Amino acid sequence: MTIRVWNSLTDKKEDLVPLTPGHIGIYVCGITVYDLSHIGHARMMIAFDTVVRFLRWSGLDVKYVRNWTDVDDKIIRRAGERGIDPLQLAQQFIDECHVDMASLNIAAADIEPRATEHIAEMHAIIEKLVARGHAYAVNGDVYFAVRSFPDYGKLSKRNLDDLLSGARVETGDIKRDPLDFALWKAAKPGEPASVTWQSPWGPGRPGWHIECSAMCQKHLGTTFDLHGGGKDLVFPHHENEIAQSEGASGLPLSRAWMHNGFVTAGDEKMSKSLGNFKTIRDLTAQWDGEAIRALLLSTQYRNPIQFGYDALAEADRRVDYFYETDGKAEAYLAQKKFTGEGREVASLKDAFRTAMEDDFNTADGLAQLLSTYTQLNVKIDGKGAPQDVADLRVTARALAAVLGLGWRDPKAAVLARRTLAAKRNSIDPAWVDERIAARLLARKEKRFADADAIRDELKAKGVELRDSIGGTDWRVPA
RNA sequence: GGCACCGUAGCCAAGUUGGUAAGGCAAGGGACUGCAAAUCCCUCAUACAUCGGUUCGACUCCGAUCGGUGCCUCCA
């Protein structure tokens, strides 16, 4: 089987054929760091983190580059409001984003380049564009001449005249064509020196799109396999990136383009400009990051996903199921004194692989994973052979890991998740323990009505009891 | 106005190189339990917004209509 990828450039699912056999170079447009990241960013990072995990699991050697855009108008403005240096502000939010990524089990990219570290590469591209007649300098600015690039619009499927009708034409514009965009912006009075660089056209700073052209080609070569980002980057960001890169090199930039759908709030896009976004930080204060990850993987990456707490709770219960089952398997194997190694079950791996090979269909992949855990439960409940349990457990953990789920020690995860859930529901664990002790006494004295009353009392607070031979445990289901 | 995308059971969601509807939640029944919870089993769409067309055959292709969203301006 081959991996099929929806290519936004051709609007078709295509076989993923690596440029260099066995190797994949992938560039993903990361975040412009001027604020805490929101759940839309989380989706983008999780989607491509999962893509990379799956490609590696499939035996490909992946070079994953995800950038930080650490210089732009918003960063400069926000830094000005706070009275700090723009680069300091950017660094602060890069650090914050790393914290968020850790809570969502998003691995670091192999290379996380920063725009400000690639000024020389940007200059080289711009000079080439000027030399080839694709760019022109005016008063210290340099613009890309959109009409000079016949392929302009090939990604977003627009023609220049359509664009022009919707374009904002500013009076006194020095551009030759309203659709031309800035490659280099001349420094303006009052802009901090830290974000001003010397250039062949005078002091200034990069335009919005040039940084990605510089970074992706420096780290992955003139042409590479995959380029990704959010759907909102199709136009103008990626369209302009193609124009710049291909205008300068004369060669295709990326073989395939991948774009993830939006996270919506209510029925509209969640975005910074609408102010209706949830930060990752807000959510992880109350919810387990793994539940957030499971929620965002429950829809195929290209489709929109509506953020809601019911769905989050459902995802959280699914994570419960994974760890409860994993813990049950661990306990079963310990009880049977099984010390062998589990072997991955080929049929289950194949089902999962088939699902994921179809454009990284994590919704389907999650269904296959769920089925693996169900089989594990069946095997344990049926007092199956320890080797079979071990095989299923190893398989489940391996497949879950491809999705970036189920990596924690089950006992520790269950406890940590219960603690968070208790906090979220304002439940005091000490009080729960006290009530459980009282119920235990009542049961011992066969006062079942009293015991049930306590159970109901706890239930009303959201605490569920689990009686077993080993004693009474408790959970706070989402 | 231009360019795209979406519309599958009460809810969420796969299926988009056409061949006769995954999975989850909820619901109902059962096993298990002192009662529960957890777990497992069973049931749950002659039907895929609507209307036409192409085809031996369409949720899947084409057209129209209705409804929703996104992009065209910073945005994952």
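Below, read A as the first sequence line, B as the second, and so on, with proteins coming before strands; counting in each chain starts at 1. Treat the numbers as computed from the prediction; the structure is a model and nothing was measured.
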Check every strand shown and say whether A:Ser37 touches a base, only sugar-phosphate, or nothing at a heavy-atom separation below 4.0 Å.
nothing
Among B:C71, B:C3, B:A14, the nucleotide that comes nearest once only the side chain of A:Phe235 is considered:
B:C71
Between A:Ser37 and A:Arg281, is any side-chain donor less than 3.5 angstrom from a side-chain acceptor?
no
Classify the nucleic acid contact of A:Gly30 as base, sugar-phosphate or nothing, counting any heavy atom under 4.0 Å across all strands shown.
sugar-phosphate
Is there a residue in residues 464-478 of chain A whose heavy atoms reach under 4.0 Å of RNA chain B, and which residues are they?
A:Glu464, A:Leu465, A:Arg466, A:Asp467
Among A:Glu464, A:Arg435, A:Arg418, A:Arg466, which residue meets the side chain to side chain contact (heavy atoms under 4.5 Å, CB included) test with A:Trp474?
A:Arg418
Short side-chain donor-acceptor distance under 3.5 Å, A:His238 and A:His259:
yes
Base, sugar-phosphate, or nothing: which does A:His237 touch, judged by heavy atoms less than 4.0 Å apart?
nothing
Select one nucleotide: of B:G70, B:A13, B:C41, the one nearest the side-chain heavy atoms of A:Val378.
B:C41
Nearest-Å distance, CG (A:Asp180) to C1' (B:U73)?
16 Å
Mind checking if A:Gly40 touches a base, just sugar-phosphate, or nothing, with heavy atoms under 4.0 Å?
base
Euclidean distance for C1', B:C62 against B:G28 (whole angstrom)
43 Å
Is a side-chain donor-acceptor pair under 3.5 Å present for A:Asn67 with A:Tyr27?
yes
Verify the distance criterion only: is there a donor paired with an acceptor across the side chains of A:His227 and A:Glu241 at less than 3.5 Å?
yes
Taking atom types as they are modelled, is there a donor-acceptor pair under 3.5 Å from the base of B:C3 to the side chain of A:Lys157?
no
Scan A:Asn260 against the nucleic acid and name what it touches under 4.0 Å (heavy atoms): base, sugar-phosphate only, or nothing.
base
Sugar-phosphate only, base, or nothing, as touched by A:Arg439 at under 4.0 Å among non-hydrogen atoms:
base
Taking atom types as modelled and ignoring hydrogens, do the side chains of A:Lys328 and A:Asn377 form a donor-acceptor contact shorter than 3.5 angstrom?
yes
Once base and sugar-phosphate atoms are separated, protein heavy atoms under 4.0 Å mark nucleotides 18-33 of chain B, 5' to 3', with B, S and - as ----BSBS--------
Let's see if you can work this out: which of B:G2, B:C40, B:C74 has an atom nearest to the side-chain heavy atoms of A:Lys74?
B:C74
Please name all residues satisfying ring pair (Phe, Tyr, Trp, His ring centres under 6.0 Å) with A:Phe149, sequence neighbours left out, ordered by chain then number.
none
Pick base, sugar-phosphate or nothing for A:Asp232, based on heavy-atom distances below 4.0 Å to the nucleic acid.
base
Contact class for A:Lys459 (heavy atom, under 4.0 Å): base, sugar-phosphate, or nothing?
nothing
Contact class for A:Gln300 (heavy atom, under 4.0 Å): base, sugar-phosphate, or nothing?
sugar-phosphate
Applying a 3.5 Å limit to both distances, which nucleotide forms a Watson-Crick or G-U wobble pair with B:U33?
none
Regarding A:Thr50 and A:Tyr301, do their side chains bring together a donor and an acceptor under 3.5 Å, going by distance alone?
no
Any side-chain donor-acceptor pair under 3.5 Å between A:Asp95 and A:Gln91?
yes
At under 4.0 Å between heavy atoms, what does A:Arg43 touch on the DNA or RNA strands: base, sugar-phosphate, or nothing?
nothing
From C-beta outward on A:Tyr321, which listed nucleotide comes closest to its side chain: B:C72, B:C40, B:U17?
B:C40
Ignoring hydrogens and angles, are the base of B:G34 and the side chain of A:Asp452 linked by a donor-acceptor pair under 3.5 Å?
yes
